[in-house]
Each structure stands twice: as structure tokens, then as C-alpha cells.
Asks: 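For reference, the structure I am asking about is given below.
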Amino acid sequence: EQLFASYNQALGHPARRRIIGILQQGGHCCFDDIMEKIPLARSTVQIHLRTLKGVQLIKIAENDLKEVGYVLNTYAYEEARLLALDFWQD
């Protein structure tokens, strides 16, 4: 139950859900790419990224050009999805 609550808290904000959507579509995204798609202050986006990283829904990774950015942690995302489905089916 604690893990489910952590995922829900992290995904409870529309900006964080938007970040997840961006990473689902684009794979690896550097911070500036995310900033272009979310009209929020730099510090606010950093906080949202930190929150998602804290529950391991996203992780830091390098692309082929050695640029550091963010990617969706597909294992954790799928786990969060299955926990939500299980919760609503009970």
C-alpha cells in the first residue's frame, strides 16, 4: 500500500503527469526539451523531476550523443499502472 500511495502522490500533479507523457513519447529528453513543453518556472520543473525521480518513475540517462537527460523507468511505470488497476478492481 505504501508503494501505491507513493506513486499516486507523485502522479497527483498535472505537470508531473505531463512529464511522464513527454517521456513516453520522446524517450530520452534533456531538461531544456522538457522546459520547452511545460510552461512553468525552471525551479518548479526541477522540483517535479526530483519528485518523479524520488519514486523512481524516471531516471537519469545519457543518449547516444552523451547528453544527460531523463527517461521513463518503464519497470516502475508498469508497476504503478498495475497497482492502480488492482486497486480499482477490488
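Just so we're clear, the structure is a prediction, and the values are computed from it rather than from any experiment.
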Asks: Keeping to residues at least two apart or across chains, list the salt bridge (Lys or Arg N to Asp or Glu O under 4.0 Å) pairs with something in residues 10-32.
Replies: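 Output for this query lists Asp32-Arg42.
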Asks: Using side chain to side chain contact (heavy atoms under 4.5 Å, CB included) as the criterion, point out the one residue from Leu52, Val71, Ile58 that pairs with Leu23.
Replies: Ile58
Asks: Is there a path of hydrophobic side-chain contacts, each under 4.5 Å between heavy atoms of I/L/V/M/F/W/Y residues, joining Ile38 to Ile60?
Replies: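 Same hydrophobic cluster.
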Asks: If you measure from SG on Cys29 to CE on Met35, what distance do you get to the nearest 0.5 Å?
Replies: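 Result: 13.5 Å between the selected atoms.
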Asks: Distance from Thr74 atom OG1 to Arg81 atom CZ, nearest 0.5 Å?
Replies: 12.0 Å
Asks: With a cut-off of 3.5 Å and sequence neighbours excluded, list every side-chain donor-acceptor pair involving residues 8-15.
Replies:
{"residue": "His13", "atom": "ND1", "partner": "Ala15", "partner atom": "N", "Å": "3.0"}

Asks: Any side-chain donor paired with an acceptor under 3.5 Å for Glu79 and Tyr7?
Replies: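 A pair is found: one side chain offers a donor N or O, the other an acceptor, under 3.5 Å apart.
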Asks: Do you know which two heavy atoms are closest between Leu72 and Lys59, and how far apart they sit?
Replies: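 Reported closest heavy-atom pair: O-CE, 4.5 Å.
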Asks: Which residues pass the ring pair (Phe, Tyr, Trp, His ring centres under 6.0 Å) test with Phe31, not counting sequence neighbours?
Replies: none
Asks: If I take atom OG from residue Ser43 and atom NE2 from residue His48, how far apart are they, to the nearest 0.5 angstrom?
Replies: 9.5 Å
Asks: When you group the ILVMFWY residues by side-chain heavy-atom contacts below 4.5 Å and let the links chain together, are Tyr75 and Val55 in the same group?
Replies: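 Val55 does not cluster with Tyr75.
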Asks: Please round to the nearest 0.5 Å and tell me the distance separating atom OH of Tyr70 and atom NZ of Lys53.
Replies: 7.5 Å
Asks: Mind checking whether Ile47 and Leu40 sit in one hydrophobic cluster, side chains of I, L, V, M, F, W, Y counted as touching below 4.5 Å?
Replies: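 Per the 4.5 Å side-chain linkage, Ile47 and Leu40 are not co-clustered.
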